[in-house]
S.K.: 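I have a structure I would like to understand better, so I am pasting it below and will then ask my questions one at a time.
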Amino acid sequence: MTRRRPYVAGAFYPGEAVRLRATVKSLIDRRVARERAVAAVVPHAGYIYSGGVAGAVYSSVEIPDTVVLLGPAHNRIASGAALYDEGTWTTPFGDCPIEARLAGRILRLASCARSDPSAHAREHSLEVQLPFLQYLNPEVSIVPICLSHTATLEDIEEIGHAVIRAVEECGEEALIVASTDMSHYVPKSEAEILDRKAIACILRLDARDLLETVRREAITMCGAPPAASAVFAARKAGATSGELIRYTTSADQSGDESEVVGYAGIRIK
């Protein structure tokens with residue numbers, strides 16, 4: 001059995017269980033009524049920057065026993081979509097199992113997908129989601145999928161549809177989490193304008209327009225493919241709307257508005 005060990009524990013989030021639990025607890029609002037969602041869009045920066053947005057989203061959705069994680073590959077990978085399809089992922093909270101049956105079905109249904117655990121070894125975009133999921137549902141299992149920045153529109157749509165079909169065939173309830181940050185290293189005023197354009201596409205569940213808007217406006221949104229794939233999946237599952245839970249930029253922590261990264265948290269039902 002393969003085990004993926006943490007890559008950014010102690011950097012993006014606390015590397016010791018007691019401190020991590022206190023940090024995640026501080027970012028979760030137990031007063032918020034959680035709702036069942038088909039998908040969510042969540043940022044993946046260090047918790048000091050984007051943890052508040054991530055916590056707001058996770059506070060607002062029910063966490064079922066299965067979560068499909070869709071994230072960007074910040075490093076080059078060999079296929080359009082790389083799955084970690086068996087074994088466990090480890091965080092300071094302990095081991096989280098891979099939902100191998102669901103992963104296997106996705107691999108059979110999506111021609112662009114490959115089993116490639118090595119693609120996840122140094123990728124942070126999905127790892128940083130896991131402590132939130134484990135804190136809220138210690139029984140959670142996951143299917144991690146990295147999408148290449150070279151993935152085609154057809155690849156992105158195929159993965160989204162394959163995820164939903166596989167979930168239906170397995171008879172499981174699952175939440176899809178798309179991991180992305182928004183604009184990178186532009187002035188705050190510019191980031192807010194550009195990010196709102198991309199967010200609007202997600203809220204109206206228009207995956208194609210999201211990808212076109214990101215391309216046309218040169219929005220440096222690192223996870224446009226996984227976000228679009230999640231929207232394709234959500235529409236296939238019958239979702240009708242998206243809701244912006246929170247939007248911030250790194251300037252809220254750094255105070256520097258000259259070069260920011262944007263963070264959006266969205267719930268799709």
S.K.: Looking at T180 and P226, would you say the former's side chain and the latter's main chain have a donor-acceptor pair under 3.5 Å?
M.R.: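 Not a single qualifying donor-acceptor pair exists.
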S.K.: Show your reasoning for whether side chain to side chain donor-acceptor pair (under 3.5 Å) applies to T249 and E192.
M.R.: CA-CA 8 Å; T249 73; E192 290 175 338; 5.6 Å; no
S.K.: H120 vs W89 aromatic rings, parallel, tilted or perpendicular, using cut-offs 30° and 60°?
M.R.: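 Rings of H120 and W89: perpendicular, over 60°.
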S.K.: Indicate if L194 and L211 have the same hydrophobic cluster label, given that clusters are the connected sets of ILVMFWY residues with side-chain heavy-atom separations under 4.5 angstrom.
M.R.: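 No, separate clusters.
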S.K.: Please check if the number of heavy atoms outside F12 that lie under 6.0 Å from its CZ is greater than 12.
M.R.: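 Count over threshold, so yes.
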S.K.: Is there a side-chain contact between I145 and V68 in this structure, where contact means two heavy atoms from C-beta onward sitting under 4.5 Å apart?
M.R.: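 The answer is yes; the side chains approach within 4.5 Å.
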S.K.: Does P72 offer a backbone N or O that forms a donor-acceptor pair with the side chain of S125 under 3.5 Å?
M.R.: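 Yes.
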S.K.: Taking all non-hydrogen atoms of both residues into account, name the closest pair between G94 and Q134 and its distance.
M.R.: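 Minimum heavy-atom contact is O-NE2, 3.3 Å.
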S.K.: Is the NZ or CZ atom of R4 positioned over Y84's six-membered ring, under 6.0 angstrom from the centre and within 45° of the axis?
M.R.: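 The answer is no; the distance or angle limit is not met.
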S.K.: Just so I know, are the side chains of Y47 and V24 near enough to count as touching, which here means a heavy-atom distance under 4.5 Å?
M.R.: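 A side-chain contact exists here, since the closest heavy-atom pair is under 4.5 Å.
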S.K.: Ignoring hydrogens, what is the shortest heavy-atom contact between I77 and A119? Give both atom names and the distance.
M.R.: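 That closest heavy-atom pairing would be CG2-CB, 3.5 Å.
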S.K.: Check whether R114 reaches the backbone of S111 with its side chain - one donor and one acceptor, N or O, closer than 3.5 Å.
M.R.: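 Between the backbone of S111 and the side chain of R114 there is a qualifying donor-acceptor contact (under 3.5 Å).
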S.K.: If two hydrophobic side chains count as joined below 4.5 Å and joins carry through other members, does L102 share a cluster with F232?
M.R.: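 No: no chain of side-chain contacts under 4.5 Å links L102 to F232.
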S.K.: Quick one: are R246 and T248 in side-chain contact, heavy atoms under 4.5 Å?
M.R.: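 A side-chain contact under 4.5 Å exists here.
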S.K.: Side-chain heavy atoms nearer than 4.5 Å, only ILVMFWY residues, links allowed to pass through others: does that put L107 and I164 together?
M.R.: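 Yes, L107 and I164 fall within the same hydrophobic cluster.
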S.K.: Between F132 and Y13, does the ring centroid distance fall short of 6.0 Å?
M.R.: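 Centroid distance F132-Y13: not below 6.0 Å, so no.
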S.K.: Specify the closest pair of heavy atoms between L205 and T240, including all atoms of both residues, with the distance to one decimal.
M.R.: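 Minimum heavy-atom contact is CD1-C, 3.6 Å.
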S.K.: Side-chain contact, heavy-atom cut-off 4.5 Å: V42 with V53?
M.R.: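 They are not in side-chain contact.
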S.K.: Could you check K236, R208, R235 and say which one makes a salt bridge (charged side-chain N to carboxylate O under 4.0 Å, His left out) with E157?
M.R.: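 The residue from K236, R208, R235 that satisfies salt bridge (charged side-chain N to carboxylate O under 4.0 Å, His left out) with E157 turns out to be R208.
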S.K.: Do D29 and R31 sit within salt-bridge range, that is, some charged N less than 4.0 Å from a carboxylate O?
M.R.: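 Answer for the salt bridge query: yes.
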S.K.: Kindly give the heavy-atom pair with the smallest separation between F93 and P131, and that separation in Å.
M.R.: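 Smallest interatomic distance, heavy atoms only, reads CE1-O, 3.5 Å.
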S.K.: Starting at CG of D155, measure out to OG1 of T152 and round the result to the nearest 0.5 Å.
M.R.: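 OG1 of T152 is found 3.0 Å from CG of D155.
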S.K.: Counting only N and O atoms by type, is there a donor-acceptor contact under 3.5 Å from the side chain of E259 to the main-chain atoms of H184?
M.R.: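 No, because the side chain of E259 does not come within donor-acceptor range (under 3.5 Å) of the backbone of H184.
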S.K.: Decide, yes or no, whether a salt bridge links R215 with E212 under the criterion of side-chain N to carboxylate O below 4.0 Å.
M.R.: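 The answer is yes: the pair qualifies as a salt bridge.
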S.K.: Throw together a table of side-chain donor-acceptor distances under 3.5 angstrom for residues 261-269, partners on residues two or more places apart or in other chains.
M.R.:
residue: R267; atom: NH1; partner: S60; partner atom: O; Å: 2.9
residue: R267; atom: NH2; partner: E243; partner atom: OE1; Å: 2.5
residue: K269; atom: NZ; partner: E35; partner atom: OE1; Å: 2.5

S.K.: Would you compute the distance between atom CZ of R5 and atom CG of D95 and round it to the nearest 0.5 angstrom?
M.R.: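 It comes to 8.0 Å.
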S.K.: Does D209 reach the main-chain N or O of C201 with its side chain, forming a donor-acceptor pair under 3.5 Å?
M.R.: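 Absent.
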S.K.: If you group Ile, Leu, Val, Met, Phe, Trp and Tyr by side-chain heavy-atom gaps below 4.5 Å, do I219 and I193 land in one group?
M.R.: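 No; I193 is not reachable from I219 via cluster members.
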S.K.: Measure the shortest side-chain to side-chain distance between M221 and D181 over non-hydrogen atoms and say whether it is less than 4.5 angstrom.
M.R.: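 No - every pair of side-chain heavy atoms lies 4.5 Å or more apart.
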S.K.: Would you say CZ of R216 has more than 12 non-hydrogen atoms from neighbouring residues, nucleotides or ligands within 6.0 angstrom?
M.R.: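 Correct, the count exceeds 12.
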S.K.: Rounded to the nearest 0.5 Å, what separation is found between the OG1 atom of T66 and the CD atom of E172?
M.R.: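 Rounded to the nearest 0.5 Å, the OG1-CD separation comes out at 4.0 Å.
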S.K.: Can you see whether Y247 has R196 sitting over its ring - NZ or CZ less than 6.0 Å from the centre and within 45° of the normal?
M.R.: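 That pair qualifies as a cation-pi contact.
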S.K.: I'd like to know if the side chain of E158 reaches the main chain of C112, judged simply by a donor and an acceptor atom lying under 3.5 Å from each other, with no hydrogens or angles considered.
M.R.: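 Such a contact is found between E158 side chain and C112 backbone.
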S.K.: What are the two closest heavy atoms between A227 and A178, and how far apart are they?
M.R.: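 Minimum heavy-atom contact is CA-CB, 3.8 Å.
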S.K.: To the nearest 0.5 Å, how far apart are SG in C96 and CD in Q129?
M.R.: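 Reported to 0.5 Å precision, the distance equals 12.5 Å.
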S.K.: Among Q253, E190, K188, which residue meets the side-chain contact (heavy atoms from CB on, under 4.5 Å) test with V260?
M.R.: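 By the side-chain contact (heavy atoms from CB on, under 4.5 Å) criterion, V260 pairs with just one of Q253, E190, K188: K188.
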S.K.: Around atom CZ of R19, are there more than 12 heavy atoms of other residues, nucleotides or ligands at under 6.0 Å?
M.R.: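 No, CZ of R19 has 12 or fewer neighbouring heavy atoms, counting only those of other groups under 6.0 Å.
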S.K.: I'd like to know if L27 and I245 are part of one continuous hydrophobic network [Ile/Leu/Val/Met/Phe/Trp/Tyr, side-chain heavy atoms within less than 4.5 Å].
M.R.: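 Hydrophobic grouping puts I245 with L27.
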S.K.: Evaluate whether atom CZ of R204 has more than 12 neighbouring non-hydrogen atoms of other residues, nucleotides or ligands under 6.0 angstrom away.
M.R.: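 Result for CZ/R204: enclosed.
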S.K.: Give the intermediate values and the outcome of side-chain contact (heavy atoms from CB on, under 4.5 Å) for residues K197 and V214.
M.R.: CA-CA 9 Å; K197 293 180 180 181; V214 167; over 6 Å; no
S.K.: For the residue pair A198 and L210, what are the closest heavy atoms and their distance?
M.R.: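 The pair with the smallest heavy-atom distance is O-CD1, 3.6 Å.
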S.K.: Mind checking the CZ-OG1 spacing from R3 to T88? Nearest 0.5 Å is all I need.
M.R.: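 Output value for this atom pair is 5.0 Å.
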S.K.: E127 side chain to Y7 main-chain N or O, any donor-acceptor pair under 3.5 Å?
M.R.: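 Yes; judged by distance alone, with no hydrogens or angles, the pair exists.
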S.K.: CG/L175 to CG/L69 distance, rounded to the nearest 0.5 angstrom?
M.R.: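 Reported to 0.5 Å precision, the distance equals 8.5 Å.
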S.K.: Verify, without hydrogens or angle tests, whether S50 (side chain) and A45 (backbone) share a donor-acceptor contact under 3.5 angstrom.
M.R.: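 Present.
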S.K.: Would you check if I142 and I98 make a side-chain contact, meaning some heavy-atom pair closer than 4.5 Å?
M.R.: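 Yes. Closest side-chain heavy atoms under 4.5 Å.
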S.K.: Taking atom types as modelled and ignoring hydrogens, do the side chains of E86 and T2 form a donor-acceptor contact shorter than 3.5 angstrom?
M.R.: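 No, T2 and E86 have no side-chain donor paired with an acceptor closer than 3.5 Å.
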S.K.: Output, in order, the C-alpha distance, side-chain angles, deciding distance and verdict of salt bridge (Lys or Arg N to Asp or Glu O under 4.0 Å) for E169 and R105.
M.R.: CA-CA 8 Å; E169 289 181 358; R105 286 185 180 269; 2.8 Å; yes
S.K.: Just checking E16: does its CD atom have more than 12 heavy atoms from other residues, nucleotides or ligands closer to it than 6.0 angstrom?
M.R.: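 Yes.
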S.K.: Flag the pair D116 / L83 as yes when at least one side-chain heavy-atom distance between them is below 4.5 Å, and no otherwise.
M.R.: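 D116 vs L83: side chains apart.
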S.K.: Quick one: salt bridge (charged side-chain N to carboxylate O under 4.0 Å, His left out) partners of E173, sequence neighbours excluded?
M.R.: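 Salt bridge (charged side-chain N to carboxylate O under 4.0 Å, His left out) list for E173, sorted by chain: R36.
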S.K.: Output all residues satisfying side-chain hydrogen bond (donor to acceptor under 3.5 Å, both in side chains) with S258, sequence neighbours left out; order by chain, then residue number.
M.R.: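 Testing S258 for side-chain hydrogen bond (donor to acceptor under 3.5 Å, both in side chains), a comparison that skips the adjacent residues, returns D256.
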S.K.: Closer than 3.5 angstrom, by distance alone: can the side chain of S115 be matched with the main-chain N or O of D85 as a donor-acceptor pair?
M.R.: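 Side chain of S115 to backbone of D85: no pair is present.
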S.K.: Could you tell me whether the side chain of S179 and the main chain of H44 form a donor-acceptor pair under 3.5 Å?
M.R.: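 Not confirmed, S179 side chain does not pair with H44 backbone.
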S.K.: Any side-chain heavy atom of V177 sitting closer than 4.5 Å to one from L70?
M.R.: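 SC-SC contact between V177 and L70 ruled out.
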